[in-house]
Amino acid sequence: MSEAAAYQLAQVNIGRLRAPLDSAQLKDFVDNLDPVNADADAADGFVWRLEGDSGDATGIAVFGDEWLIINMSVWRDADALTAYMYQGRHRAMLARRREFFERVQEAMVALWWVPAGHRPTVAEAESRLLHLRTNGPTPYAFTLRTPYPAQGAEPATALEIPDDLGCPA
């Protein structure tokens, strides 16, 4: 197995909702969840996405904050992820994100390499986001603008992350 095939790219993005999911303000967002997720499921290079009982991840808690929602998935590589992100329905919804989500200053998106077949947990995703917020892009957690190769995907030493770096509850 090649080095690239031994790893897959995990991504997490979280958003702070502007209104409750059942509100009129978020109706278009909620109505497009299933079609956008179906597009992802069918996309070249898609491997896996986090799902709750509803078939999406909107009911899965992140950082203990009911106003945050999480999207987490695994892709073959960054090219596959970006090809999906910037086309079709996903691109259209991405262009409208300020209608649905608050602007947040801290990192809300993180990428990291996982061994092929690994399915990341919410706790793992929270750790990667906190690491990115504390240290900036590193092989442990990075962004599409500052990618890292699959080698060295684990930090060399355990990191202390301040308690106040999570999103306020």
Side-chain angles (χ1 to χ4, degrees), residues 8-114 118-134 136-137 141-147 161 164-169:
Q8 296 170 326
L9 186 67
Q11 74 79 30
V12 63
N13 64 80
I14 59 175
R16 179 174 296 285
L17 297 170
R18 289 192 171 273
L21 281 170
D22 60 357
S23 68
Q25 183 176 348
L26 269 67
K27 183 176 180 356
D28 281 352
F29 172 76
V30 172
D31 288 350
N32 277 282
L33 277 173
D34 287 343
V36 168
N37 284 337
D39 291 348
D41 294 349
D44 180 48
F46 172 82
V47 177
W48 169 87
R49 70 180 163 86
L50 179 66
E51 294 181 60
D53 294 337
S54 64
D56 60 47
T58 57
I60 297 174
V62 60
F63 287 119
D65 186 336
E66 65 186 34
W67 287 95
L68 290 177
I69 62 171
I70 185 171
N71 172 283
M72 185 165 51
S73 55
V74 176
W75 294 80
R76 177 183 59 231
D77 54 34
D79 290 341
L81 174 60
T82 56
Y84 164 73
M85 285 176 53
Y86 299 117
Q87 60 148 354
R89 277 186 277 247
H90 187 271
R91 181 183 179 144
M93 295 308 292
L94 190 60
R96 296 179 61 195
R97 69 188 174 277
R98 296 293 168 236
E99 293 176 42
F100 312 124
F101 300 99
E102 292 180 10
R103 182 179 292 273
V104 178
Q105 295 303 313
E106 59 202 357
M108 300 292 269
V109 176
L111 306 173
W112 68 99
W113 293 101
V114 296
H118 175 71
R119 302 298 175 249
T121 65
V122 172
E124 185 179 339
E126 289 171 338
S127 172
R128 302 293 174 144
L129 276 165
L130 292 175
H131 178 88
L132 183 61
R133 291 173 183 177
T134 302
F142 52 91
T143 66
L144 284 172
R145 287 193 175 110
T146 55
I161 300 173
D164 63 348
L165 280 179
C167 297

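Values in this document were obtained by computation on a predicted structure and should not be read as measured data.
- In this structure, Thr146 contributes its side chain and Phe142 its backbone to no donor-acceptor pair below 3.5 Å.
- The distance from atom CD1 of Ile69 to atom CG of Leu26, rounded to the nearest 0.5 Å, is 7.5 Å.
- Looking at residues two or more places apart in sequence or on another chain, you find a side chain to side chain contact (heavy atoms under 4.5 Å, CB included) between Pro35 and Arg89.
- Shown here is Asp53, whose CG atom has no more than 12 heavy atoms of other residues, nucleotides or ligands within 6.0 Å.
- The neighbour count for Arg96 CZ, taken as heavy atoms of other residues, nucleotides or ligands under 6.0 Å away, is above 12.
- Atom OG1 of Thr58 sits about 13.0 Å away from atom CG of Leu68, to the nearest 0.5 Å.
- Listed here is the closest heavy atom pair of Gly55 and Arg49: O-NH1, 2.9 Å.
- When ring centroids are compared, Trp75 and Phe46 come within the 6.0 Å threshold.
- Side-chain contact between Ile70 and Ile14 is present, with at least one heavy-atom pair separated by less than 4.5 Å.
- Residues Asn71 and Gln11 form a side-chain contact, since some pair of their non-hydrogen atoms from C-beta on lies under 4.5 Å apart.
- Between Trp113 and Leu111, every side-chain heavy-atom pair lies at or beyond the 4.5 Å cut-off.
- If you take CG on Asp28 and CG on Leu33, they are separated by 11.0 Å, rounding to the nearest 0.5 Å.
- Contact record, Val104 with Met108: CG1-SD, 3.9 Å, taken as the closest heavy-atom pair.
- Put simply, the side chain of Pro137 reaches to within 4.5 Å of the side chain of Leu132, judged on heavy atoms.
- Closest approach of Ala80 to Gly45, counting heavy atoms only: CB-CA, 3.7 Å.
- In this model, no donor atom of one side chain and acceptor atom of the other lie less than 3.5 Å apart for Trp67 and Glu102.
- Here the CG atom belonging to Leu130 is positioned 8.5 Å from the CD atom belonging to Glu106, to the nearest 0.5 angstrom.
- Here the side chain of Arg16 pairs no donor or acceptor atom with the backbone of Phe101 at under 3.5 angstrom.
- For the pair Glu51/Asn37, no side-chain contact is recorded, criterion being any heavy-atom separation below 4.5 Å from C-beta on.
- Every residue two or more places apart in sequence or in another chain that forms a side chain to side chain contact (heavy atoms under 4.5 Å, CB included) with Val109 is listed here: Asn13.
- Taking the charged nitrogens against the carboxylate oxygens, Asp44 and Arg76 do have a contact shorter than 4.0 Å, which makes a salt bridge.
- Between Met72 and Ala125, the closest heavy-atom pair is SD-CB, 3.6 Å.
- Residues satisfying the side chain to side chain contact (heavy atoms under 4.5 Å, CB included) test with Arg103, not counting sequence neighbours, are Arg98, Gln105.
- Under the 4.5 Å side-chain criterion, counting only non-hydrogen atoms from C-beta, Glu124 is not in contact with Val12.
- Side-chain atoms of Val47 and His118, non-hydrogen and from C-beta on, never get closer than 4.5 Å to each other.
- The CZ atom of Arg91 sits 11.0 Å away from atom CE of Met85, with the distance rounded to the nearest 0.5 Å.
- Here the side chain of Gln25 pairs a donor or acceptor atom with the backbone of Glu99 at under 3.5 angstrom.
- Asp56 approaches Gly59 most closely through the heavy-atom pair OD1-N, 4.4 Å.
- Met93 is listed as a side-chain neighbour of Phe100, based on a closest heavy-atom distance under 4.5 Å.
- Counting all heavy atoms, side chain and backbone alike, Leu144 lies closest to Ala78 at CD2-CB, 4.1 Å.
- One distance of note links CG of Leu81 with CG of Leu9; it measures 6.0 Å at 0.5 Å rounding.
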